[in-house]
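Just the heavy atoms: all of them, side chains too, but no hydrogens, waters or symmetry mates, feed the values below.
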Amino acid sequence: MQQKIKHIVSESTFFILGFYFSRGLRIAVAIVIPLIAGWLFNRPGIGIVASSGALVAGLGDNPGSIRVKFNTQSIAALFYFLVVLVSQLLISHKVIFGIWITLCGFFFSMFFIYGSRAVSVSISSLLCVVYACSFEGNHIVMNTLGMMLGVLLYGLISLVLWRIQPYRVIEQKISENIRYLYEYTVLIHEYFLIKLKNPTNVQKQTEVLNKLFEKQEKIHINHEDIRENLFKLRINAKSFSAKGRKMTLIFSALIDLYEQLISLNLQDNKLIDSLIKSNLKKDFEYHLSNMEHILYELSWSINLHKNVSVSIDISQLDYFKNRIIDLENNKNEDANIDINALKHVRFIFKSFYKQTGFIKSLINGEFRTEKKQYEDLDLEKFTRQYNYNFSTFKANLNLKSNIFKHALRVSLAISVSYIICTLLKIEYYAWVFLTIILILKPVYGNTKNSCIQRLQGTIIGGLITLSLLLITHNIYVICVVTFICIVGAYSFIPINYRTGVAFVTIFVILLIFLEHSGSDSWTNIYHRLGGTTIAVVISFIVSFSFLPTWEYKNLPVLIDKLLKSNLDYFNKITYNLLNNDKLSDTEIKLSRRDVLLETSNLSSAFQRIISEPKISKNYKSDIYNIQTFINLLSTRISSLRSYINQNSLATEIDSQLIFSVENNLNNCLLNIEGTLVNCDIECIEKEEELNLLAENQSLITYQLREISLLSQQIYSYINKLNNFEEWKSSKT
């Protein structure tokens, strides 16, 4: 019990010091300041309008350099001003207003083509329509100016805080990244124990693997956020500060560390058997636990600005090393032990201790000159370049674009909800608009999940609010709870949507209660729940029936991109093995970034595919299998890179294996594109002979053999997928 309480306190403290809580607190402060000012100056109406503006601006804000933040917030403010002003001018003209909100829904939903920063601005702009519907009176100018005052207030708070601590967001994101790596290692440990104690429990193994894939997606998104903030900050800076250099070195080391972790392939049954038969099982488990402990401590240290005290000692691997040497010297001990697999595991542990030791020295202020290669990267190549020109918008104005279809669905849902609310004289139509804007996503699977979580969160929040108001009507208690819920809402929405919605429901109903001096709680809850229910039903029907976007239709393209990225990464790594003139580290790491990006895209797509009703269980099963094999391929290629150095040269067997891998992957790509390729018997026999010759060779040859075997398995699965109607229909 004491351990559980300690864990809860620890996790809560980490959350409070994290990025999402600080973002929620910043938005909450920007919302509350106008409310207090309005109350003090006896102008509560203006205070509420200004707090709405602060909320809109906060939701439209994303981390970035000060120049990017200023430009984004300035352009966004122009959109907010125009939308609020025009919406108020047209709201009394029912037909024209219906056309206006439909056009707004279409226009701003098209912003999905421009990336996450533009999406945040588009959602905030549509929220301005919602707020314009709820403004009371005909004070159009005052309402608009009050709204923009709140936008300006949030902008000032955001930019001032950035100026005071420009690297704080990056520190929080890096700390979050290490926490994800810690959680990833915990899942690896869990998977190992399942394979060890209950190897026949395939369902449990699959559940843990799915969690690993989901964690990979989160790690990749986190990497992109850090690149966007850290690299652009350094590119735009006139000089590199010590802290900026330190953060860059830590981040570069963390990516290498992640590459080592994903190389730990516990899906290989021969590795598990080798660990058991070599009596290295307990030692392996000890190092996994030690890795978890080290990552946990590193994450805390960065977040709290304190030195790392945890011991990181490579000598702990001595027993592992000596045991492998004994096995090599006594080859008759057990012929079924895969020595190379054990060497690979030891190499990963050794690399992990070296990398975390380096990160520890950086956090503690001990810079090492031998790691200067991390600073040789061309940082600008690693950042995303967004093209916001109108030609991109225009090019997507056709039914081949999923974003165009999404924009049509949003505009249709808004117009249908407006007509229904107008005909039925539903007073709370602003709730309906608000919910549609937030839950309708470009893909059916995401919309379905958002609908369910939105409804659940609203019901939970409504029940909690009702319970609170039955207990007390004390203004001070309600004010405190409201502030806590505002912070909780915008802290949890990005990481747990259901919980965030529950907090939003609570504080919105409480704000209405405070604004209208104790209005009927039942009515407010009914309006909130009624609006959410109507919006959920409309959104679900529209998403399912009107130009639906099924994720499985994109599957061949996603697999094609991932295999091409892996092939490119493999070619660049093996180029350095086959040639004396070496490729730069920047070129190789750019290819690695593409592999991680496409892996994340396929993983997230698979999570949406399994919720789609129009595909068979067998197809889902084979999609999962091919995703697993391609993921293994990526990890093997990453492992290969770890073994190659400036002095590495390919043997004759290595060259043949490299050719075999390239041939297999190219055949996979041809099959996906519709050109059926059948390997003849002679070719298959030659590959089998080559794989036998590669046994008991160097670690480089060992990895090349494993990559070759995986590429053959992937080829077989793609041939199998060609027999499914779902696969065929997605290529037409």
Side-chain angles (χ1 to χ4, degrees), residues 20-39 44-63 69 72-73 76-85 87-88 108 117 119-136 143-159 161 430-431 433-439 454 457-458 461 479 481-494 497 500-515 528 531:
Y20 296 109
F21 182 79
S22 63
R23 176 179 180 267
L25 188 61
R26 183 170 63 248
I27 294 175
V29 170
I31 291 172
V32 169
I33 288 175
L35 290 174
I36 294 174
W39 178 68
I46 294 296
I48 291 169
V49 172
S51 68
S52 302
L55 173 59
V56 164
L59 294 178
D61 185 30
N62 272 325
K69 285 174 74 70
T72 303
Q73 290 183 15
L78 179 61
F79 281 126
Y80 305 154
F81 173 78
L82 292 174
V83 170
V84 170
L85 180 62
S87 296
Q88 289 181 97
F108 288 111
R117 195 177 297 278
V119 169
S120 298
V121 173
S122 72
I123 292 173
S124 291
S125 299
L126 288 173
L127 286 177
C128 288
V129 177
V130 175
Y131 282 117
C133 294
S134 60
F135 289 156
E136 295 183 355
N143 288 337
T144 305
L145 292 178
M147 187 91 171
M148 298 315 297
L149 184 64
V151 171
L152 178 62
L153 174 65
Y154 176 84
L156 287 173
I157 292 173
S158 177
L159 294 176
L161 289 177
W431 293 119
F433 294 167
L434 173 67
T435 306
I436 287 173
I437 290 163
L438 295 176
I439 65 175
R454 184 82 186 186
T458 302
C479 286
V481 173
T482 302
F483 180 78
I484 292 172
C485 289
I486 292 173
V487 176
Y490 299 108
S491 301
F492 276 101
I493 280 176
Y497 188 65
V501 169
F503 277 119
V504 169
T505 302
I506 296 168
F507 89 70
V508 166
I509 295 173
L510 291 180
L511 278 178
I512 295 172
F513 178 85
L514 292 171
E515 180 186 353
R528 173 77 177 180

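Each of I48, V83, L55, L434 was scored for a side-chain contact (heavy atoms from CB on, under 4.5 Å) with Y131, with one residue passing: L55. Of the residues listed (Y490, F492, F483), the one engaging F503 in a ring-ring contact (aromatic ring centres under 6.0 Å, His included) is F492, and it is the only one.
For the ring-ring contact (aromatic ring centres under 6.0 Å, His included) test, residues two or more places apart in sequence or in another chain that qualify with F79 are F108, F111.
The salt bridge (charged side-chain N to carboxylate O under 4.0 Å, His left out) pairs that include a residue from residues 48-63 are D61-K69, where partners are two or more places apart or lie in different chains.
T458 contributes atom OG1, which lies 11.0 Å from atom CD1 of I506 (distance to the nearest 0.5 angstrom). In this structure, CG on N143 lies 6.5 Å from CD1 on I46, to the nearest 0.5 angstrom. One distance of note links CG of L126 with CD1 of I437; it measures 4.5 Å at 0.5 Å rounding. Interatomic distance, I486 CD1 to L25 CG, rounded to the nearest 0.5 Å: 11.0 Å. Taken to the nearest 0.5 Å, the SG atom of C479 stands 11.5 Å off from the CD1 atom of I484.
A distance-only check finds no donor-acceptor pair linking the side chain of T505 to the backbone of G461 [under 3.5 Å].
In plain terms, the two heavy atoms of A77 and M148 that are nearest each other are O-CE, 3.3 Å. Between C128 and V84, the shortest heavy-atom contact is CB-CG2, 3.6 Å. Across every non-hydrogen atom of A132 and Q88, the tightest pair is CB-CG, 4.1 Å. The two residues S491 and G24 make their nearest non-hydrogen contact at OG-CA, 3.6 Å. Shown here for L35 and S51, the closest heavy-atom pair between the two residues is CD2-OG, 3.7 Å. Pairing each heavy atom of Y497 with each of R454, the nearest pair is OH-NH1, 3.0 Å.
Contact check for I123 versus L59: no side-chain heavy atoms found under the 4.5 Å cut-off. At a threshold of 4.5 Å between non-hydrogen side-chain atoms, the residues I157 and I33 count as touching. Residues V501 and L438 fail the side-chain proximity criterion, which asks for heavy atoms closer than 4.5 Å. For the pair P34/L153, a side-chain contact is recorded, criterion being any heavy-atom separation below 4.5 Å from C-beta on. Side-chain contact check for I27 versus R23: some heavy-atom pair is nearer than 4.5 Å.
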Next on the checklist: Pair F81, V151 - check side-chain contact (heavy atoms from CB on, under 4.5 Å), show working.
Outcome noted: CA-CA 10 Å; F81 173 78; V151 171; over 6 Å; no

Checklist entry - Can you list the steps and then say if R26 with Y154 is a side-chain contact (heavy atoms from CB on, under 4.5 Å)? => result CA-CA 8 Å; R26 183 170 63 248; Y154 176 84; 3.2 Å; yes

